[in-house]
Number of protein chains: 2
Amino acid sequence: MKLSKNIINCKSCVYRNLLYEMLSSAEYEKVNASRTEIIFGRGELIINEGDEINDFLYLRKGLVKMFKTNSHGKDHILSINKPGDFINLLSIFSKDEQQYSVTALEETHVCSVKLSTIIELLKGNSEFALRVMNRMSYIADEIIQKRFEISQRQVKGRVAYMLRFLSEQIYHRGDFRMPITRRELGELISMTTENTIRTMSEFRKDGIIDMDGKNIQIIDFGRLRKVCEMG
Amino acid sequence: MKLSKNIINCKSCVYRNLLYEMLSSAEYEKVNASRTEIIFGRGELIINEGDEINDFLYLRKGLVKMFKTNSHGKDHILSINKPGDFINLLSIFSKDEQQYSVTALEETHVCSVKLSTIIELLKGNSEFALRVMNRMSYIADEIIQKRFEISQRQVKGRVAYMLRFLSEQIYHRGDFRMPITRRELGELISMTTENTIRTMSEFRKDGIIDMDGKNIQIIDFGRLRKVCEMG
DNA sequence: GAATGCGTATGACATATTTCATAAAATCAA
DNA sequence: TTGATTTTATGAAATATGTCATACGCATTC
């Protein structure tokens with residue numbers, strides 16, 4: 001973890017329109033002044049469940065997993081997050097402590113703005129407040145919707161669903177490098193590592209995907225979709 | 001469904017502190033003027049997924065289930081909600097249509113305030129906006145946390161978890177009348193009706209609970225807790 | 001280079017869960 | 001009240017999933 005040497009001004013940030021587009025120049029300056037950009041290497045812990053919440057965080061670059069560790073020490077991944085996502089927005093306004101842990105899956109740049117600054121802006125700019133609510137609403141819906149989709153499928157459908165998610169929503173292409181291990185994939189869709197591996201092998205034998213380690217290529221989109229829909 | 005004949009003023013509502021405590025008298029009046037209280041009988045649909053969102057809704061009395069119907073026509077219950085809960089707060093600020101359906105499990109009183117009134121107040125009162133964010137954050141966390149707890153357990157643990165939830169968080173007592181059928185309980189914890197029934201029969205045989213139809217009495221809290229914790 | 005740990009892989013077996021069949025009890029509508 | 005429908009109930013068989021054992025390749029460390 002280190003501070004970025006190449007800090008971009010929020011005004012020129014591609015994610016500006018997600019949140020900050022309705023701020024005045026003076027307000028922008030407040031955000032910028034209170035902001036740091038931090039770089040995390042692959043595997044580094046960005047947020048630890050239970051940490052005090054002092055900052056508002058969002059992803060500028062990279063990929064992370066958001067997870068919780070249960071009382072038996074087993075991790076469960078709630079979601080994979082990509083640039084533009086706000087990685088602690090859901091907890092910020094009702095909890096003092098982080099409710100989920102977050103780890104970088106690849107080199108990840110996180111923008112951090114003091115929570116007190118954000119709250120000050122919220123109080124003074126209702127358009128900004130409405131935008132923050134919009135993002136909260138959107139994020140909550142996304143997570144709940146995904147858990148809903150996962151919970152009604154069985155293993156093959158779950159693996160197919162996640163492969164489609166990675167291909168269609170993260171990488172926007174049919175071939176990609178898996179950002180997580182098979183174990184983590186299992187933690188994401190609530191199944192064992194062995195079954196996750198087995199199911200992927202089966203997809204390969206059936207000609208639905210091709211694999212070489214972490215490199216995945218989806219060959220038969222139609223059948224992948226069918227397996228995904230059939231549960 | 002009918003309008004309440006006995007409308008209470010928000011100022012005297014027991015749930016006032018959840019949301020409205022920081023409104024001025026003039027603002028209160030706006031809420032009151034834009035508000036209707038609607039009574040739904042057991043089984044009546046309060047919100048249908050896909051409906052246009054025009055109102056901000058919350059439960060004053062009763063019990064509801066929030067659910068989604070999947071592409072195969074099977075319902076999945078996301079949560080059981082009780083008085084004081086805001087039953088569409090999560091979707092309100094990012095979607096035009098309801099994302100979930102809601103049905104009354106018993107006679108239920110719903111307060112409905114025009115969304116335009118709420119937004120108007122949000123724009124003029126930042127303390128109110130922060131409180132709404134607080135509630136959104138809290139609701140999202142609750143749902144996600146519960147799905148997390150369910151997903152890491154197997155059938156016995158899931159049933160035990162829900163019995164504890166009903167006993168400890170809804171009825172605050174060891175004996176209660178189940179507000180949902182066994183099929184609905186299954187829809188809530190992602191398992192079949194038969195297994196739900198079987199598991200409850202097993203709990204009875206083991207002396208953990210006693211049952212007579214929908215009447216449930218938890219006899220051995222210690223063992224229920226143990227089953228709940230062991231997955 | 002050997003030893004270690006981790007991720008991927010696969011088979012065999014044990015267990016969990018669903019499915020299908022059937023039936024009694026409870027609920028609801030006419 | 002009757003008759004129809006839903007809910008609760010249980011068993012047996014089929015299927016899905018988890019567990020345990022083992023192996024191999026690869027990177028890291030000593």
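All figures in this text were calculated on a predicted structure; none of them were measured in a lab. Chain naming here is simple, since letters A, B, ... match the order of the sequence lines and numbering starts at 1 in each. Just the heavy atoms: all of them, side chains too, but no hydrogens, waters or symmetry mates, feed the values below.
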Exercise: identify the closest heavy-atom pair between Phe67(B) and Ile77(B): CB-CA, 3.8 Å

Protein-nucleotides 5-9 of chain C N/O pairs closer than 3.5 Å?
residue, atom, partner, partner atom, Å
dT8(C), OP1, Lys214(A), NZ, 2.8
dT8(C), OP2, Arg182(A), N, 2.9

N/O-N/O pairs, protein side and nucleotides 15-17 of chain C side, under 3.5 Å:
residue, atom, partner, partner atom, Å
dT17(C), OP1, Val155(B), N, 3.4

Between Phe148(A) and His76(B), how do the two ring planes meet: parallel, tilted or perpendicular, split at 30° and 60°? perpendicular

I'd like to know if Asp141(A) pairs up with Lys95(B) as an ion pair, taking the criterion as any Lys NZ or Arg NE/NH1/NH2 lying under 4.0 Å from an Asp or Glu carboxylate oxygen. yes

Within 45 degrees of the ring normal and closer than 6.0 Å to the centroid, is that where the cationic atom of Arg164(A) sits relative to Tyr161(A)? no

Audit row: Ser91(A), Glu97(A), side chain to side chain contact (heavy atoms under 4.5 Å, CB included) steps and yes/no: CA-CA 8 Å; Ser91(A) 308; Glu97(A) 296 178 352; over 6 Å; no

Can you tell if the side chain of Ile92(A) reaches within under 4.5 Å of the side chain of Ser137(B), non-hydrogen atoms only? no

Look at atom OH of Tyr138(B) and say whether more than 12 heavy atoms of other residues, nucleotides or ligands are closer to it than 6.0 Å. no

Inter-end axis angle, the helix from dG1(C)-dC30(D) to dA30(C)-dT1(D), with every axis fitted to five base pairs (rounded, 10 degrees): 50°

Can you measure Lys74(B) atom NZ to dT19(C) atom C1' for me and round it to whole angstrom units? 13 Å

Measure the distance from CZ on Arg198(B) to C1' on dT22(C) and round it to the nearest whole Å. 13 Å

Using the rule given for side chain to side chain contact (heavy atoms under 4.5 Å, CB included), can you reason through Arg204(B) versus Ser201(B), listing the C-alpha separation, both sets of side-chain angles and the distance that settles it, and then say yes or no? CA-CA 5 Å; Arg204(B) 178 177 48 193; Ser201(B) 296; 4.1 Å; yes

Side chains of Tyr58(B) and Asn81(B): do they bring a donor and an acceptor to under 3.5 Å? no

Can you tell which of Lys146(A), Arg147(A), Gln145(A) makes a side chain to side chain donor-acceptor pair (under 3.5 Å) with Glu149(A)? Gln145(A)

